[in-house]
2 protein chains.
Amino acid sequence: MSLRHAVLGLLANGPASGYDLLKSFELSLSNVWSATQSQLYGELGKLDAAGLIVVASEGPRGRKEYAITDEGRAELRHWLLEVEPTRVRRSDMLLRVFFLNQVTPAEAEGYLDGQEKHAQAYHDHLLALEGQIPWDDTALSVYGRIAMEWGIRFSRASIEWSAWAKERLRDAALPEGEWAKERLREAGLEEKS
Amino acid sequence: MSLRHAVLGLLANGPASGYDLLKSFELSLSNVWSATQSQLYGELGKLDAAGLIVVASEGPRGRKEYAITDEGRAELRHWLLEVEPTRVRRSDMLLRVFFLNQVTPAEAEGYLDGQEKHAQAYHDHLLALEGQIPWDDTALSVYGRIAMEWGIRFSRASIEWSAWAKERLRDAALPEGEWAKERLREAGLEEKS
DNA sequence: GTAAACATGTAACAAGTTACATGATTGT
DNA sequence: ACAATCATGTAACTTGTTACATGTTTAC
């Protein structure tokens with residue numbers, strides 16, 4: 001139910017149309033919560049029906065500007081302070097690590113290397129962005145900066161982890177290890193588990 | 001499509017029943033990819049129909065033991081080495097941070113403090129677990145240890161980030177800042193955006 | 001005039017969650 | 001005999017993705 005709260009959160013900082021919100025998702029919120037256009041318009045309809053937002057005004061091209069209601073604000077506050085964040089922990093990047101024993105150590109190292117490069121690129125991107133934004137002392141800015149710091153720290157930790165993992169892999173050096181058995185199996189030589 | 005590959009990855013390390021796989025998800029894989037019982041049995045049916053796995057034997061209580069096929073192994077390998085991990089980046093914990101300007105600075109600090117405590121507990125839990133597991137030099141063990149290191153490093157980064165954020169918040173000290181305007185709005189004093 | 005941007009909506013599908021439903025085997 | 005564990009399956013619902021469909025206004 002977080003898309004609902006993302007929309008309420010955005011509208012709490014001022015009224016906006018579905019199109020406006022979509023832009024907000026695309027350029028600032030996408031790093032922590034992404035939404036598609038079709039999902040967004042659907043959710044606006046539901047929030048309206050539930051009385052958490054209202055159409056404040058209608059503009060050209062069928063534009064509908066939504067505003068948060070008192071009930072919406074109460075719901076947002078409840079979610080912010082009383083609902084425990086769900087920790088999903090679903091990462092297909094990490095899932096692959098679990099099954100890397102199915103490929104050769106050289107291929108596994110290649111995979112980890114790719115992840116390191118990706119994390120490095122993302123880290124560089126965030127640092128560049130951080131330098132561009134004129135941070136001030138308004139609440140919006142302070143919390144935005146805190147959220148961005150999370151990205152910076154976690155991409156840095158990713159880079160360091162990848163490097164550590166590659167080294168660990170080299171140290172373990174699995175020449176006749178588990179993966180070799182898998183090669184044999186692929187060659188058609190079945191064995192009992 | 002990652003549940004499919006999680007199942008293939010588990011079966012690549014030996015045949016198992018739906019029930020066995022469910023236990024694997026619950027006790028080791030749940031930290032990187034969770035699946036419900038109903039989802040799992042559904043996926044096994046689809047994988048069977050697609051020829052990526054087969055029923056190798058049937059046991060008591062209607063137990064069906066599945067084994068990966070050569071096509072399944074090829075698909076797993078393809079996914080491991082040629083499919084780019086999807087980076088979803090969806091965190092309702094971080095989403096809340098974006099909207100913390102809707103509550104008082106003291107409440108915001110309370111939220112960050114809660115996150116720090118949660119990260120600390122998770123970190124402690126992982127370190128205890130790491131000490132219990134008899135790590136050896138088999139591929140399965142090496143890659144398992146690498147995956148666990150990710151959890152350890154990221155929970156540590158989480159703790160440090162929360163502490164940093166709380167300090168930053170105190171330094172910024174938003175006494176008459178943005179959040180106050182929101183209080184006024186809640187009191188019914190509407191203003192133009 | 002025409003391309004870009006503004007603006008909303010729906011349909012079909014895939015993935016994930018919760019709850020219900022049923023029954024067999026093993027250990028005490 | 002009874003509880004725990006083993007074992008599978010289905011139905012209803014929510015969330016998220018991709019693609020289709022349509023029309024308006026503004027700037028050049």
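Throughout, a chain's letter reflects where its sequence line sits, starting with A, and its residues are numbered from 1. Please read these numbers as outputs of a predicted model, since none were measured by experiment.
Atom CD in A:Glu26 sits about 13 Å away from atom C1' in C:dC6, given to the nearest Å. A:His5 places its NE2 atom 15 Å from the P atom of D:dT14, with the value rounded to the nearest Å. Atoms CG (B:Leu21) and P (D:dC6) sit 14 Å apart, rounded to a whole Å. Residue B:Lys64 contributes atom NZ, which lies 16 Å from atom C1' of C:dA24 at whole-angstrom precision. Between the CZ atom of B:Phe25 and the P atom of C:dG16 there is a distance of 10 Å, rounded to whole Å. Atom pair A:Leu22:CG and C:dT8:P shows a separation of 9 Å (rounding to whole Å applied). Distance A:Asp92 CG to C:dG16 P: 11 Å, rounded to the nearest Å. Going from atom NZ of B:Lys46 over to atom C1' of D:dG9 covers 14 Å, rounded to whole Å.
Taking the nucleotide of DNA chain D with the nearest heavy atom to each of A:Ser38 and B:Asp20, the more 5' of the two is matched to B:Asp20. With the nearest nucleotide of DNA chain C identified for both B:Arg61 and B:Leu3, B:Leu3 has the one nearer the 5' end. Between A:Pro60 and A:Trp33, the residue anchored nearer the 5' end of DNA chain D, judged by the nucleotide with its closest heavy atom, is A:Trp33.
Residue A:Tyr19 places at least one side-chain N or O under 4.0 Å from the OP1 or OP2 atom of C:dC6. Of the side-chain N and O atoms in A:Tyr41, one or more sit less than 4.0 angstrom from OP1 or OP2 of C:dT8. A close approach under 4.0 Å does occur between a side-chain nitrogen or oxygen of A:Gln39 and OP1 or OP2 of D:dT17. A close approach under 4.0 Å does occur between a side-chain nitrogen or oxygen of A:Arg63 and OP1 or OP2 of C:dA7. An OP1 or OP2 oxygen of D:dA7 is reached within less than 4.0 angstrom by no side-chain nitrogen or oxygen of B:Lys23. Phosphate proximity of D:dG16 to A:Arg4: absent, as no side-chain N or O sits under 4.0 Å from OP1 or OP2.
With hydrogens and angles ignored, a donor-acceptor pair closer than 3.5 Å exists between the side chain of A:Gln37 and the base of C:dT8.
Taking a 6.0 Å sphere around CD of B:Glu167, one finds it holds 12 or fewer heavy atoms contributed by other residues, nucleotides or ligands.
Ion pairing between A:Glu107 and B:Arg77 holds under the 4.0 Å rule for side-chain N and carboxylate O.
Just one of A:Glu109, A:Glu160, A:Glu116 meets the salt bridge (Lys or Arg N to Asp or Glu O under 4.0 Å) condition when paired with A:Lys166; it is A:Glu116.
The heavy-atom pair separating A:Leu126 from A:Gly151 by the smallest distance is CD1-C, 3.4 Å.
A donor and an acceptor atom, one from each side chain of B:Arg90 and A:Ser34, are located under 3.5 Å apart.
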